[in-house]
Protein chains: 2
Amino acid sequence: MQEPTLLLLTALADEPRHGYALMQEVAEISNGRVRLRTGTLYGALERLQREGMVRVEREEVVDGRARKVYALADQGASALAEETARIRAVALEAERRLALRPRLKGVTA
Amino acid sequence: MQEPTLLLLTALADEPRHGYALMQEVAEISNGRVRLRTGTLYGALERLQREGMVRVEREEVVDGRARKVYALADQGASALAEETARIRAVALEAERRLALRPRLKGVTA
DNA sequence: CGCACATATGCCGGTCACCGATATATGTAA
DNA sequence: TTACATATATCGGTGACCGGCATATGTGCG
């Protein structure tokens, strides 16, 4: 699972949102670091629906603009929980090893 | 940064290792979950060298077999530290949101 | 002696997530 | 009427990763 996908699922984790709102939510979660392109967004949403991670909760029209509201499926919530557990473990191990790393250039100062 | 790359840098974080040892180390770090293919391994090592993340520490011959020993460059260590900080933050946010998620089917039992 | 297996490195073609661009359409503000 | 925010969608290209293949030596087994 790559970061755009991880952020997408995270943005859906607390409550259902529509596509455009997801773009903004992902940008906010990542402190503006990750800006989802529409190609990535809608492509990923389709794929995640095929995989049973996400479903369309409802379709609505607000101010004459059509919206699809997506929700995190139970399977998506499980996958997200597993993924976060995995990457936390790897991050912990990476930090442990970095601390063990022999320092090179005058880091002792 | 994808998981294979993250695990590779992690496997190099504490001390230099040669290719085959990296495959084993990555498998161990991930509890056997991730088995690096040689295509991924040597491809990634080349790419990471181009990017200044990894360098060849030395070449040696052990039992008639040639080895290249790879080391994490300072830039690679910085990148790894930044990456772990990023994913920890995202993992934390994902877990916070999952906890906020409205439960559906009799989870209260 | 021959076979399988671990060690060790490397190439090549395919797939797929992601990127960048483009298209379409409506509401609001200058 | 021009520009921008909102909102969705498609398409071609790139590149990391996968799976398979090739190559070569050392060790253990029958």
Side-chain angles (χ1 to χ4, degrees), chain A residues 1-12 16-28 30 32-51 53-70 76 79-80 83 86-87 90, chain B residues 1-12 16-28 30 32-51 53-54 56-70 76 79-80 83 86 90:
Chain A
M1 190 186 293
Q2 284 171 255
E3 203 182 15
T5 300
L6 176 64
L7 288 167
L8 245 187
L9 294 184
T10 300
L12 280 177
R17 287 185 169 86
H18 63 98
Y20 195 84
L22 285 171
M23 285 196 286
Q24 298 173 138
E25 195 72 11
V26 164
E28 202 180 308
S30 67
R33 216 183 65 245
V34 178
R35 304 266 175 182
L36 247 49
R37 322 293 157 170
T38 61
T40 305
L41 175 72
Y42 294 105
L45 283 173
E46 249 181 71
R47 172 175 51 89
L48 291 168
Q49 279 179 77
R50 274 201 314 274
E51 293 169 357
M53 303 289 184
V54 165
R55 60 185 154 71
V56 175
E57 175 106 320
R58 65 182 184 278
E59 306 193 31
E60 49 184 34
V61 176
V62 177
D63 288 330
R65 285 183 219 97
R67 277 181 178 176
K68 276 186 192 166
V69 177
Y70 300 90
L80 180 56
E83 181 72 9
R86 268 200 289 274
I87 65 182
V90 174
Chain B
M1 190 185 296
Q2 284 170 256
E3 203 182 14
T5 300
L6 176 63
L7 287 167
L8 245 188
L9 293 184
T10 300
L12 279 176
R17 287 184 168 88
H18 63 96
Y20 195 84
L22 285 172
M23 284 195 287
Q24 299 173 135
E25 196 73 11
V26 164
E28 204 181 306
S30 66
R33 216 183 66 245
V34 178
R35 304 265 176 183
L36 247 49
R37 323 294 159 169
T38 61
T40 305
L41 175 72
Y42 293 105
L45 283 173
E46 249 180 73
R47 173 175 49 89
L48 291 169
Q49 280 178 77
R50 274 201 313 274
E51 294 170 356
M53 303 290 184
V54 166
V56 175
E57 173 105 323
R58 63 181 184 279
E59 304 194 33
E60 47 184 35
V61 176
V62 177
D63 290 329
R65 284 185 222 97
R67 276 183 180 175
K68 276 185 193 167
V69 178
Y70 300 89
L80 179 56
E83 181 71 10
R86 266 199 290 272
V90 175

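Protein chains get the first letters and strands the later ones, always in sequence-line order, with residue 1 at the start of each. Below, each value reflects all heavy atoms present in this structure, side chains not excepted, and no hydrogens, waters or symmetry copies. As the structure is a prediction and not an experimental result, all values here were calculated from the model.
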Q: Treat primed atoms plus P, OP1 and OP2 as sugar-phosphate and everything else as base, then score nucleotides 9-15 of chain C 5' to 3': B for base contact with protein heavy atoms under 4.0 Å, S for sugar-phosphate contact only, - for none.
A: BBB----

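Just one residue in the list A:L36, A:L12, A:V26 forms a side-chain contact (heavy atoms from CB on, under 4.5 Å) with A:L7, and that residue is A:V26.
Residue A:R35 places none of its side-chain N or O atoms closer than 4.0 Å to OP1 or OP2 of C:dG20. Side-chain N/O atoms of B:Q24 include one lying less than 4.0 angstrom from OP1 or OP2 on C:dT7.
Residue order along DNA chain C, read from the 5' end via each residue's closest nucleotide, puts A:L6 first among A:L6 and A:G64. Looking at which nucleotide of DNA chain C each of A:R47 and A:D63 is closest to, the 5′-most match is held by A:R47.
Annotation: side chain to side chain contact (heavy atoms under 4.5 Å, CB included) contacts of B:E59 (sequence neighbours excluded): B:V56, B:K68.
Protein atom CG of A:L36 is 8 Å distant from nucleotide atom P of C:dC18, rounded to whole Å. Atom-to-atom, CD of A:E3 to C1' of C:dC19 comes out at 15 Å; the value is rounded to the nearest Å. To the nearest angstrom, P of C:dA8 lies 5 Å from CZ of B:R65.
Summarising the geometry of B:E3 relative to B:V34, their closest heavy-atom pair is OE1-CG2, 4.0 Å, with the distance given to 0.1 Å. Contact record, B:G19 with B:L41: O-CD2, 3.4 Å, taken as the closest heavy-atom pair.
The span of DNA chain D lying next to chain B, judged by atoms under 4.0 Å from heavy atoms, is bounded 5' to 3' by D:dA16 to D:dG26.
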Q: Evaluate the criterion side chain to side chain contact (heavy atoms under 4.5 Å, CB included) for residue pair B:E46 and B:Y42; output intermediate values, then yes/no.
A: CA-CA 6 Å; B:E46 249 180 73; B:Y42 293 105; 5.7 Å; no

Q. Can you list the steps and then say if B:L48 with B:L9 is a side chain to side chain contact (heavy atoms under 4.5 Å, CB included)?
A. CA-CA 9 Å; B:L48 291 169; B:L9 293 184; 4.0 Å; yes

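Other residues, nucleotides and ligands place no more than 12 heavy atoms under 6.0 Å from the CZ atom of B:R35.
Looking only at distances, no side-chain donor or acceptor of B:R67 sits under 3.5 Å from a matching main-chain atom of B:V62.
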